[in-house]
Amino acid sequence: MTLDDLIARESIRDLVSRYNANGDTGRFERVFELFAEHAVMELGPPGEPPEIYNGREALKQIFLGAQDRIGENTKSGGPKYLRHFTATHQIDLIDADHATGRCYFQVLMSRGLDHWGRYVDRYVRIDGRWFFEHRRVYVDGQTEDSWFTK
């Protein structure tokens, strides 16, 4: 493994960490900057057709909708605490500017575990910086009163 490979892997790990940290604290403008302009995000449970969002502008709907749900739920005694945790992050470098990755995630809220699943990603390096090019979010499970489904 070369030094460039190590730098790429660490940069991609940092990208995923920034996605979680900025999203959990409502800094969505910083989240949007993590995606390439042409990025695609797909959401949904395994075995069902996903909701597909094409381009950075379309991706904003996901996060701003979540922000609205959190705000509404907070007013009615809902979640005041939101943390995404990722684990078992496997990164495969394709070439100097492309990579794929996959990891598990869990979402904790003030009452405990809410939902969990997997991220399956494609990353692209543009002008020396790594971005999400494609993210498929598989929600593998959720608690009975999950905020995710509200």
Side-chain angles (χ1 to χ4, degrees), residues 1-71 73 79 81-110 112-143 146-150:
M1 188 171 303
T2 68
L3 179 59
D4 287 341
D5 291 348
L6 292 172
I7 292 169
R9 288 176 185 280
E10 191 56 31
S11 297
I12 291 167
R13 275 189 257 285
D14 184 67
L15 175 71
V16 171
S17 294
R18 289 179 186 281
Y19 173 90
N20 291 340
N22 289 317
D24 287 349
T25 55
R27 295 175 297 196
F28 295 122
E29 286 302 320
R30 290 186 182 171
V31 172
F32 306 146
E33 295 169 358
L34 302 174
F35 288 87
E37 286 289 338
H38 64 279
V40 174
M41 184 178 267
E42 299 181 40
L43 304 170
E48 292 185 22
E51 294 178 51
I52 300 173
Y53 299 83
N54 290 296
R56 190 185 284 171
E57 286 302 311
L59 294 173
K60 290 181 180 183
Q61 295 173 41
I62 300 166
F63 298 97
L64 297 178
Q67 183 179 35
D68 290 344
R69 285 199 321 256
I70 289 172
N73 288 334
Y81 177 85
L82 175 70
R83 294 293 182 265
H84 284 71
F85 292 90
T86 52
T88 317
H89 192 183
Q90 181 180 345
I91 300 167
D92 296 311
L93 301 174
I94 307 301
D95 59 35
D97 295 320
H98 299 89
T100 60
R102 64 208 65 54
C103 59
Y104 302 121
F105 72 85
Q106 293 182 335
V107 178
L108 297 181
M109 303 187 93
S110 54
L113 181 63
D114 188 78
H115 61 281
W116 55 92
R118 295 165 285 140
Y119 295 131
V120 178
D121 298 323
R122 287 196 315 259
Y123 314 106
V124 62
R125 189 169 71 158
I126 301 170
D127 296 328
R129 184 173 161 217
W130 287 94
F131 295 90
F132 291 104
E133 183 172 47
H134 185 276
R135 173 160 263 201
R136 174 64 163 105
V137 181
Y138 292 95
V139 178
D140 292 329
Q142 59 202 38
T143 58
S146 173
W147 164 84
F148 182 75
T149 59
K150 293 181 169 72

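The basis for the numbers below is simple: all heavy atoms, side chains too, and nothing from hydrogens, waters or symmetry mates.
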Qualifying residues under ring pair (Phe, Tyr, Trp, His ring centres under 6.0 Å), relative to Phe35, sequence neighbours excluded: Phe132
Donor-acceptor contact below 3.5 Å, side chain Arg122 vs main chain His98: no
Backbone N/O of Ile91 and side chain of Arg9: donor-acceptor pair under 3.5 Å: yes
Working to the nearest 0.5 Å, report the span between [atom1] of [X] and [atom2] of [Y].
{"X": "Glu48", "Y": "Leu43", "atom1": "CD", "atom2": "CG", "value": "12.5 Å"}
{"X": "Arg102", "Y": "Thr88", "atom1": "CZ", "atom2": "OG1", "value": "11.5 Å"}
{"X": "His84", "Y": "Asn22", "atom1": "NE2", "atom2": "CG", "value": "12.5 Å"}
{"X": "Arg118", "Y": "Asp140", "atom1": "CZ", "atom2": "CG", "value": "4.0 Å"}
{"X": "Met41", "Y": "Glu51", "atom1": "CE", "atom2": "CD", "value": "11.5 Å"}
{"X": "Tyr119", "Y": "Arg136", "atom1": "OH", "atom2": "CZ", "value": "12.5 Å"}

Cationic N near anionic O, under 4.0 Å, Glu57 to Lys60: yes
Less than 4.5 Å apart, side chain to side chain, heavy atoms only: is that true for [X] and [Y]?
{"X": "Val31", "Y": "Leu59", "answer": "no"}
{"X": "Phe131", "Y": "Glu33", "answer": "no"}
{"X": "Arg135", "Y": "Val16", "answer": "yes"}

Please name the pair of heavy atoms, one in [X] and one in [Y], separated by the smallest distance, quoted to 0.1 Å.
{"X": "Asn54", "Y": "Val40", "result": "OD1-CG2, 3.2 Å"}
{"X": "Gln61", "Y": "Tyr53", "result": "OE1-CE2, 3.9 Å"}
{"X": "Ala87", "Y": "Cys103", "result": "O-CB, 3.3 Å"}
{"X": "Leu34", "Y": "Arg30", "result": "CG-O, 3.4 Å"}
{"X": "Ala99", "Y": "Ile12", "result": "CB-CD1, 3.6 Å"}
{"X": "Leu15", "Y": "Trp130", "result": "CD1-O, 3.7 Å"}

Within 6.0 Å of CZ in Phe32, more than 12 heavy atoms from elsewhere: yes
Atom CZ of Arg27 with >12 non-hydrogen neighbours under 6.0 angstrom: yes
Partners passing side-chain contact (heavy atoms from CB on, under 4.5 Å) against Asp14 (at least two apart in sequence or in another chain): Arg18
